[in-house]
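Okay, structure first, notes after.
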Amino acid sequence: MADEPGEPQQQSATQVRERATRDEHVVRKQRRAVFRVPPVSLLTIPILLFCITPVAFTAPGLQALYLIPVAIVVWVLRVRTVATPEGLSVRTLTSSRSIPWDELSGLSVTKKAGVEAVLRDRKGNDETATRIRLPHVRLRHVPVLSLLSNGRVPDPSGALAGESAEPAKPEPTEPAPTKTDETTTTDETTTAETKTDAATA
C-alpha cells in the first residue's frame, strides 16, 4: 500500500470510495497495512549512478556524490508506517517507534496533506500532546487505519461504513380509489332507486 507521488489532494467521492473498498479487501486478508515508497523506484538508482560517475572523478572530493544514491536506497527500504490490529509502527531514517492504539488520542492532518499521530496527554491538553508524523500516510488511508483499529480511529469519510448500510425500504401505500369504482357505485344506486319507484307504482 505504497504512497503515490504527484497524486492530487482533491478527489471525488466515488474515487475515494473505490480506493477504500480495494484497500479494505487487502487489509481484511492480510490484517496489516504497510505505507511506504514502492521498491520498484529503486530501478532508478543505476540511472542515477550512470549520471554521477562522469562528474564524481572530475575533481577530488566529488566522490561524495555516491552518498546520494546510497541515502535514497536506505530511505526507500527503511522509512515506512506499518498498521496492525495491535497498533502502529513508525520507522524513519534515524528512529523507530511502536504506538499501541490505546495510546492514540487521534490523528492530525498537516498542511501538506500528511497525517500525524496525536498521543494521549496525561494532563488532557491537546496543545502539549506529542505528535508523531506517520511516513507516507495520507488522508485517504484513514479508512484503512479505522478498519485495523476496530473503530478506535474514526473514519471521517464514511467510505467503509457506507457500503454496509442497507437501503431503506419504502413503506407500502394504499391504492387510491379510481373513477371507474365511483361510476359503478353511482350506477348501482340509480338502478336501486328505479326498482323502488317501480314497486311503489
Side-chain angles (χ1 to χ4, degrees), residues 1-9 11 15-45 48 67-164:
M1 200 165 301
D3 187 31
E4 299 177 1
E7 181 184 4
Q9 296 182 4
Q11 298 181 348
Q15 291 176 339
V16 172
R17 188 177 299 276
E18 291 177 354
R19 190 184 298 272
T21 303
R22 185 172 62 253
D23 292 344
E24 179 189 9
H25 294 321
V26 175
V27 169
R28 289 188 184 277
K29 183 178 180 179
Q30 300 181 355
R31 298 304 297 169
R32 69 194 301 263
V34 180
F35 307 97
R36 56 176 295 183
V37 175
V40 71
S41 61
L42 295 176
L43 296 177
T44 60
I45 297 300
L48 183 59
L67 295 176
I68 297 177
V70 173
I72 294 176
V73 171
V74 174
W75 180 70
V76 171
L77 295 179
R78 177 171 174 78
V79 178
R80 67 186 63 187
T81 300
V82 181
T84 63
E86 288 74 30
L88 296 171
S89 178
V90 181
R91 289 171 54 180
T92 63
L93 286 175
T94 58
S95 63
S96 299
R97 180 163 184 174
S98 297
I99 307 173
W101 295 117
D102 294 336
E103 296 183 4
L104 191 67
S105 175
L107 300 177
S108 175
V109 181
T110 63
K111 295 181 179 180
K112 296 183 179 180
V115 177
E116 293 179 338
V118 182
L119 304 185
R120 294 185 182 277
D121 187 20
R122 295 181 179 179
K123 298 180 180 179
N125 189 357
D126 294 338
E127 296 181 357
T128 60
T130 304
R131 297 174 181 265
I132 301 177
R133 183 177 177 273
L134 304 180
H136 308 303
V137 178
R138 298 293 181 265
L139 184 60
R140 64 181 178 85
H141 297 141
V142 174
V144 176
L145 300 180
S146 178
L147 181 63
L148 285 171
S149 65
N150 294 324
R152 279 173 285 190
V153 174
D155 177 16
S157 66
L160 298 182
E163 296 181 356
S164 59

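Residue numbers run from 1 in the order of the sequence given. Note that the structure is predicted; figures quoted are calculated from it, not measured.
Remark: Ile68 pairs with Leu48, Leu65, Ile72 by the side chain to side chain contact (heavy atoms under 4.5 Å, CB included) rule, at least two apart or across chains. Remark: Val79 engages Trp75, Leu93, Pro135, His136 in a side chain to side chain contact (heavy atoms under 4.5 Å, CB included) (not counting sequence neighbours).
Residues Val90 and Arg133 have side chains not in contact (no heavy-atom distance under 4.5 Å, counting atoms from C-beta outward). Val137 is not listed as a side-chain neighbour of Glu116, based on a closest heavy-atom distance of 4.5 Å or more. For the pair Ser89 and Arg80, the minimum side-chain heavy-atom distance is 4.5 Å or more. Two residues are said to be in side-chain contact when any heavy atoms from C-beta on lie closer than 4.5 Å; Leu104 and Arg152 fail this criterion.
Between Pro38 and Val76, the shortest heavy-atom distance links the atoms O-CG1, 4.2 Å.
Arg91 CZ to Ser98 OG: the interatomic distance, rounded to the nearest 0.5 Å, is 10.5 Å. Expressed to the nearest 0.5 Å, how far CZ of Arg31 lies from OG1 of Thr84 amounts to 9.5 Å. In this structure, the separation between CZ on Arg131 and OG1 on Thr110 is 10.5 Å, given to the nearest 0.5 Å. To the nearest 0.5 Å, the span separating OG on Ser108 from CG on Leu134 amounts to 10.0 Å. Rounded to the nearest 0.5 Å, atoms CD1 (Ile99) and OG1 (Thr130) are 9.5 Å apart. Arg97 CZ to Leu119 CG: the interatomic distance, rounded to the nearest 0.5 Å, is 5.5 Å.
Electrostatic pairing of Arg120 and Asp102 does not count as a salt bridge here, judged by no charged N lying under 4.0 Å from a carboxylate O.
Formation of a donor-acceptor pair under 3.5 Å by the Arg138 side chain with backbone atoms of Val115 is not found in this model. Using a distance-only test at 3.5 Å, with no hydrogens or angles considered, no donor-acceptor pair links the side chain of Trp101 to the main chain of Leu88.
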